[in-house]
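Counting starts at 1 for both ligands and their atoms, following the listed order. FYI, the numbering just counts along the sequence from 1.
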Amino acid sequence: MRKQIAAANWKMNLTYQQGEKLLGDILKADNKLADHQQVIFGVPFPYLMMAGGAVTEENNYDVAAQNCYEKKSGAYTGEVSAEMLQSINVKYCIIGHSERREYFGETNQVLAEKLNRCLENSIIPIFCCGEPLNIREAGTQNHFVAAQLKQSLFHLSAEQVQSVIIAYEPIWAIGTGKTATTAQAQEIHAFLRSVLASQYSEEVADEVSILYGGSVKPNNAKELFGCPDVDGGLVGGASIVAADFITIIQSLK
Ligand code: PGA
């Protein structure tokens, strides 16, 4: 049975002290997660060890980095490798967020390399895909996201792909307060799963958690997560407000 996941993406927000308090408040809420439910905090690099420490005693809570570099090691000042993340026990890493693609020029080819580095180091990638507004308006979003999967993911073995988490995040919905309707979300999530099924198999596609991201809020999470092919969410703005994220966690099916 695939996991239902509430993943927080703090982005470049919060001081260390604010982050520590936020984690404490969320963990205190005693969210009573079932075995198939998982909460992942995507925190800035300098907070990974603190956040990892905060969740060590907790079942079903874990920590993610928001990025890693595509090279193994070397003279890349300011970058962080997947091996470094593994060495501090980081189990997840967000890869290919649309902000990375847009502001840092990350291409599908670079992201394929980042996925390789994660998997070589036993880090589960949370691979983001999703179309910009003009593509949605032209009605070619399926073709667009299928190409993202094909170019970044399809060199992986069935076993590797099964371990990847996919986050579908339409760019027009990120930080805009505009959410995909449940019908739009279900349709494209089912499409993504069918793309995985035709490249690999139904069984493999069935195992992959596909999260929705883009203005997930306490008042829409339950409806979105209720869609059969939506396995939780990758949450930005609402993940840095304790009460909001707690409600979103409790909306997992
Ligand atoms: P948002 O961000 O929830 O603020 O729209 C989601 C994301 O960028 O992962």
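Protein residues with any heavy atom under 4.0 Å from ligand 1: Asn9, Lys11, His97, Glu169, Ala173, Ile174, Gly175, Gly214, Ser215, Leu234, Val235, Gly236, Gly237.
Leu196 contributes atom CG, which lies 10.0 Å from atom CZ of Phe191 (distance to the nearest 0.5 angstrom).
Listed by first then second residue, pairs satisfying side chain to side chain donor-acceptor pair (under 3.5 Å) with a partner in residues 210-221 read Thr179-Asn220, not counting sequence neighbours. Pairs engaging residues 124-143 under the side chain to side chain donor-acceptor pair (under 3.5 Å) rule: Glu131-Arg136, Glu131-Tyr168, Glu131-Trp172, Arg136-Tyr168 [sequence neighbours left out].
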Side-chain donor-acceptor distances from residues 62-71 under 3.5 Å, at least two apart:
from: Gln66; atom 1: NE2; to: Lys11; atom 2: O; distance (Å): 3.2
from: Gln66; atom 1: NE2; to: Gly42; atom 2: O; distance (Å): 3.1
from: Asn67; atom 1: OD1; to: Lys114; atom 2: NZ; distance (Å): 2.8

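Leu22 is listed as a side-chain neighbour of Leu14, based on a closest heavy-atom distance under 4.5 Å.
Under a 4.0 Å N-O distance rule, the pair Asp30/Lys28 does not qualify as a salt bridge.
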